[in-house]
J.: 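Below is a structure I'd like to ask you about.
Proteins get letters first, then strands, A, B, ... in listed order; numbering begins at 1 in each. What you are looking at is a predicted structure, and each value in this text was computed from that prediction instead of being measured. All values below were derived from every heavy atom in this structure, side-chain atoms included, with hydrogens, water molecules and symmetry-related copies excluded.
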Amino acid sequence: MFDNLLLLVQTPALNVQLVLDGLFIGATYVLAAYGMALVWGVMNIKNLAQGDFVMLGGYVALMVAKAGIHPIFALPIAMIVLFVYGWVVYRLIICRVVDRDLFTSLLVTFGLAIVMAQAMNLAFGSEVQSARSGFGTWTLLNDLVTIPQVRVLAFVIAILLAALLTAFMKRSRIGQAIRATAQDARAARVMGIDTDRVYAFTFALNGAICGAAGVLIAMIWVIQPFLGITHTIRSIVIVTAGGLGSLPGVILAGLGLGLAEQYSGFLLGANLQQATVVGLLVLVLVWRQIEHARYREAVQ
Amino acid sequence: MNGKFATTLLYAAILVFGVAAPFVFPNYTFQVAVLWVMILFALTWDMLGGQMGYNSLGNVFFFGAGMYICALVQIGLYYNVGEYTASSGAIKVDFTMQQYVTGLGLGIVAAGIGSALLAVLFGRIVFGLRGSYFAIGTLGVALAAGELTGAWDYVGGGGGISLPVFPGAPEDRTLLYYSLCFVATVATFALLRWLYSTRFGLAINAIRDDEVKAEAMGLHTGRYKTVAWSIAAFFLGISGAIFGNMTGFIEPLEVAFPVTTFGIFMVLMALLGGKGTLWGPVIGAVLFDVIKEVTWTYLLGWQWIALGALIIVNVVFFQQGIMGWAKEKWPERFGIKVDRGSAVLREEPVS
C-alpha cells in the first residue's frame, strides 16, 4: 500500500490517469443515482433493484452488439426497452406498495433484485462480459496516460442525458406534474394530476435512465449478473451523500465516488474495491446520523 | 384449562419430534438440523423486526461473525492460525477428542459473547438510523463484513478455512451437531417466550409502536434496543459457530455472510409466519424450509427466481403472515375482544 502511495507521489501522471478514469466512471454512476433520487423523492421508494436495472440495460447493449450493430446504437433501444420494463414492473408490483411503509418497498425491491439477477444469470451466464466498441485510445504525457475514446464519448453522453433530464423536469408538462407530486401528492391530486400515472411514468423513466447507464457501463467497463447490488449501493451512497433533489450534489457525490473507488483500487488492491463502496455506505450513514444529532441539538 | 393442556401437548410433541428425529429419519438428520437453525434465524430476526419494529437486513452479520470467532478459537487454541490458513489444509491437523470438544465448547461460548459485544458496538452506529436507513445501514454492515473478511489473509481470505475434522465416527458427528442445533433453538425459543412475557417485552413493543412516546414515558429506549440486539446477536453467533462446524468449511461470501440467502430468508420466514408473534416465525420457518426443499428439488436452476417471487408475493399480498391472518379470522381465540362499533369506524377511509 505504501509502495503504491510513493509511486503516486513520484509519478504525477498516474494521478492524472486515476482522476480521469474516476470521472469517466463516476459520470455513469451519476446517471443511475439520479434515477434513484427521482424515484426516492417522488414515490418515497428506495429501489434496491436499481443496479439490476443497470445490468439489464448492459445486457441489452450486449445483445445489440452480438447482432452486429455498434453498441452505441443500443442506447435508444435499451432506454425504450427499460422504459417499458419499468412501466410493467410498476403496474405489476410497485403500484401495490407505493403508499405502504418503507420496509415493504425495500423488501419488495430486494426480492425483485434477486429475481432479476438470477434471471440474467440463467439467460446470459455468470461470466464477466463487456460490449466491445472498437474505438481507439488517445495517449497523453509521453504515453503515461491512456484515454480510451469510448470513455470520453460515454462521459459526454452521460452529461448530455443529465442536462436533457433536467430540462425535461423543469420545462415539460409531465416534468412539472412529477415535481408537483413529489412536493405534495395529495395536493397534486386535488389539482387534477393523475398521480398514479405520474408514478408509473417516473418509475419507467428511472428504468430508461438505468438502461442508458447500463449501456455506457457495458461499453466502458464490465457487466455481470451479480454486480447489480454493488451498483445499487453506489446509487444509495451517492444519493445519501449528495442529498435528495439536489442535482449538483448528486453529480459531485457521483464523480467523487468514482474517484474514491479508483484511488482505493490502486492503493489497496482491486479485491477491496467493493469493500470500499460498502464501507463508504456505512460511513455516509454514520456521518448523516452525526449531522442529524447536531441538528436536533440545535433545535432543542 | 383446555387451551393450556393443548399448548403443553404441542410443546411435548415438538420436543419428542426433536429428540426422536435423528433416530427415526437418520438420512435426513442434516436437513432437520438446518430446519432448527432456520427457526432460530426467524425467531431472532423477529425479536427486532417484529417485536421492536427495527427491520434489519443485516442480521446475518452476527451469524458469520460467530462462525469466524469460533473457528479462530478452535484452531488458535492448539495451532498458529496464520500458518494454518496459509497452508490451506497442508498442515497435518489431528485433534484428539478432548482437544476437539474443548475447542468447540469454548468456541461456541466465545462466538456468542463476541457477537453480542459486536452488537453493542454496532448498535452505537446503527441505532441512530431510523426506518429504512436502519435496514440499509445493517445491510451495508453485513456486506462490508463479507468483503473485508474476504480480503483478510489471516483468516484465510476469500479461500476460507477448513475447520478441524471431528476425530470420531461420522454418525456421532452428525448426532452431536444435530443436538447442538436443537438445544440452541429450544433455548432461544424458551428465552424469548419468557422475555416477551416480562416488562422487557412490553418495552420493546412500546418502541415499535411509537419510539418517541416510549422515550417520553421514561423508557431508556437506547438501552432496550442494545440489549435486544445483543440477545439476538448472541444466539445468532452461537448458531453460526455450530453451523460452520456442521458444514466443515467456511468462506466469507457464500457461507458466513450470505446476505442474499440466509440474510433474506430470516426476514421472509418471519414475515411468512406473521411477524410480531411468538409462534409466527416458527411456523414461517417450517413452511419456508419445506417450500425451499421442494423448489430446490423440482425447480433446479429456477429455485432462486421462485424464492425471489415468493418474497414479492409474500410482502405485497400477505404481509400479515399466517398468524396475522389467523388473528384477523378468529380474533376471539387470541383473546382479542372485537368491538363492532370501533371496527366499523376504523374501516372508514381516512382521506
Side-chain angles (χ1 to χ4, degrees), chain A residues 40 44-46 48-49 92-97 99-119 121-122 186 189 226 229-230 232-233 236-237 240 268-286 288-290 292-293 296, chain B residues 49 53-58 122 124-153 157-158 252-253 259-261 263-264 267-268 271 275 301-317 319 351:
Chain A
W40 191 330
N44 205 5
I45 284 181
K46 295 173 189 67
L48 285 184
L92 280 180
I93 304 166
I94 307 293
C95 68
R96 295 171 216 278
V97 296
D99 30 282
R100 305 262 287 270
D101 62 308
L102 284 168
F103 190 62
T104 305
S105 57
L106 216 55
L107 254 188
V108 164
T109 50
F110 199 38
L112 183 66
I114 293 177
V115 172
M116 284 179 69
Q118 296 294 338
N121 185 25
L122 285 180
R186 221 166 126 193
R189 260 196 299 271
F226 300 110
I229 182 90
T230 322
T232 306
I233 290 174
I236 294 176
V237 170
T240 315
L268 308 171
N271 57 347
L272 271 173
Q273 200 171 18
Q274 284 211 329
T276 311
V277 183
V278 190
L280 276 174
L281 171 71
V282 177
L283 275 187
V284 162
L285 288 175
V286 169
R288 187 179 168 281
Q289 190 189 331
I290 293 169
H292 256 224
R296 272 205 293 269
Chain B
Y54 269 76
N55 299 304
S56 153
L57 285 177
F122 280 105
R124 302 211 39 98
I125 298 175
V126 294
F127 274 130
L129 305 166
R130 301 273 161 98
S132 57
Y133 281 108
F134 179 78
I136 294 174
T138 47
L139 179 68
V141 169
L143 284 171
E147 295 290 341
L148 290 176
T149 317
W152 189 14
D153 286 330
L253 293 179
V259 178
T260 49
T261 56
I264 193 76
V267 188
L268 187 58
L271 286 186
K275 68 175 185 174
W302 290 83
Q303 73 271 47
W304 289 108
I305 297 185
L307 280 179
L310 180 67
I311 298 177
I312 297 173
V313 170
N314 182 199
V315 173
V316 173
F317 298 104
Q319 208 186 56
S351 56

J.: Could you pull out the closest heavy-atom pair between Ile114(A) and Gly308(B), with the gap in Å?
T.: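 Of all heavy-atom pairs spanning Ile114(A) and Gly308(B), the closest is CG2-CA, 4.4 Å.
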J.: Start with the C-alpha gap between Ile312(B) and Phe110(A), add the side-chain angles, then the distance that decides, and say whether side-chain contact (heavy atoms from CB on, under 4.5 Å) holds.
T.: CA-CA 9 Å; Ile312(B) 297 173; Phe110(A) 199 38; over 6 Å; no
J.: Under 4.5 Å, counting heavy-atom pairs only, tell me which of Val278(A), Thr276(A), Val282(A) racks up the most with chain B.
T.: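 The option with the most such pairs is Val278(A).
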J.: For side-chain contact (heavy atoms from CB on, under 4.5 Å), just list the numbers for Ile236(A) and Tyr133(B), CA-CA rounded to whole Å, side-chain angles, deciding distance to a tenth of an Å, and then say yes or no.
T.: CA-CA 10 Å; Ile236(A) 294 176; Tyr133(B) 281 108; over 6 Å; no
J.: Examine whether an atom of Leu112(A) lies under 4.5 Å from a heavy atom of chain B, and if so say whether it belongs to the side chain, the backbone or both; otherwise answer neither.
T.: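 Leu112(A) touches chain B through backbone and side-chain heavy atoms alike.
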J.: Could you state the interatomic distance from OH (Tyr54(B)) to CZ (Phe103(A)), rounded to the nearest 0.5 Å?
T.: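 With rounding to 0.5 Å, OH (Tyr54(B)) is 13.5 Å from CZ (Phe103(A)).
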J.: Under 4.5 Å heavy-atom distance to chain B, tell me which part of Asp101(A) shows up: side chain, backbone, both or neither.
T.: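 Only the side chain of Asp101(A) comes within 4.5 Å of chain B.
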J.: With chain B, which of Ile93(A), Val97(A), Ile290(A), Thr104(A) has the greatest number of heavy-atom pairs at distances under 4.5 Å?
T.: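 Sorted descending by pairs with chain B, the first entry is Thr104(A).
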J.: What distance do Leu57(B) atom CG and Leu48(A) atom CG have between them, rounded to the nearest 0.5 Å?
T.: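 One finds 7.0 Å between CG of Leu57(B) and CG of Leu48(A).
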J.: Is chain B contacted by the side chain of Val286(A), its backbone, both, or neither, given a heavy-atom distance below 4.5 Å?
T.: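 Side chain of Val286(A) only, per the 4.5 Å heavy-atom cut-off to chain B.
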J.: With a 4.5 angstrom heavy-atom cut-off, could you sort out which part of Val267(B) is near chain A: side chain, backbone, both or neither?
T.: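 Contact with chain A: side chain only.
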J.: By a 4.5 Å heavy-atom criterion (distance strictly below it), what part of Leu271(B) contacts chain A: side chain, backbone, both, or neither?
T.: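 Side chain only.
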J.: From Ile233(A) CD1 over to Leu139(B) CG, what is the distance, rounded to the nearest 0.5 angstrom?
T.: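 Reported value, rounded in 0.5 Å steps: 5.5 Å.
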J.: Chain A heavy atoms under 4.5 Å from Leu310(B): which part of the residue, side chain, backbone, both or neither?
T.: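 Contact with chain A: none, neither part.
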J.: Which answer fits Thr240(A), side chain, backbone, both or neither, if we ask what part of it has an atom under 4.5 Å from a heavy atom of chain B?
T.: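 Only the side chain of Thr240(A) comes within 4.5 Å of chain B.
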J.: Which of these passes side chain to side chain contact (heavy atoms under 4.5 Å, CB included) with Leu107(A): Ile264(B), Asn55(B), Asn314(B), Val316(B)?
T.: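 Among Ile264(B), Asn55(B), Asn314(B), Val316(B), the one meeting side chain to side chain contact (heavy atoms under 4.5 Å, CB included) with Leu107(A) is Ile264(B).
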J.: Which bit of Leu285(A) comes within less than 4.5 Å of chain B, counting heavy atoms only: side chain, backbone, both or neither?
T.: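 For Leu285(A), backbone and side chain are both near chain B.
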J.: Can you check side-chain contact (heavy atoms from CB on, under 4.5 Å) on Leu122(A) and Trp302(B), steps first, answer last?
T.: CA-CA 8 Å; Leu122(A) 285 180; Trp302(B) 290 83; 3.9 Å; yes
J.: Heavy atoms only: give me the nearest Val115(A)-Ala309(B) pair and the separation to one decimal.
T.: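 Looking at all heavy atoms of both residues, the closest pair is CG2-N, 3.5 Å.
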J.: What do you reckon, is CZ of Arg100(A) surrounded by more than 12 foreign heavy atoms closer than 6.0 Å?
T.: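 More than 12 within 6.0 Å, yes.
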J.: Taking the six-membered ring of Phe317(B), is the NZ or CZ of Arg96(A) close enough (under 6.0 Å from the centre) and on axis enough (within 45°)?
T.: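 Verdict for Phe317(B): no cation-pi partner in Arg96(A).
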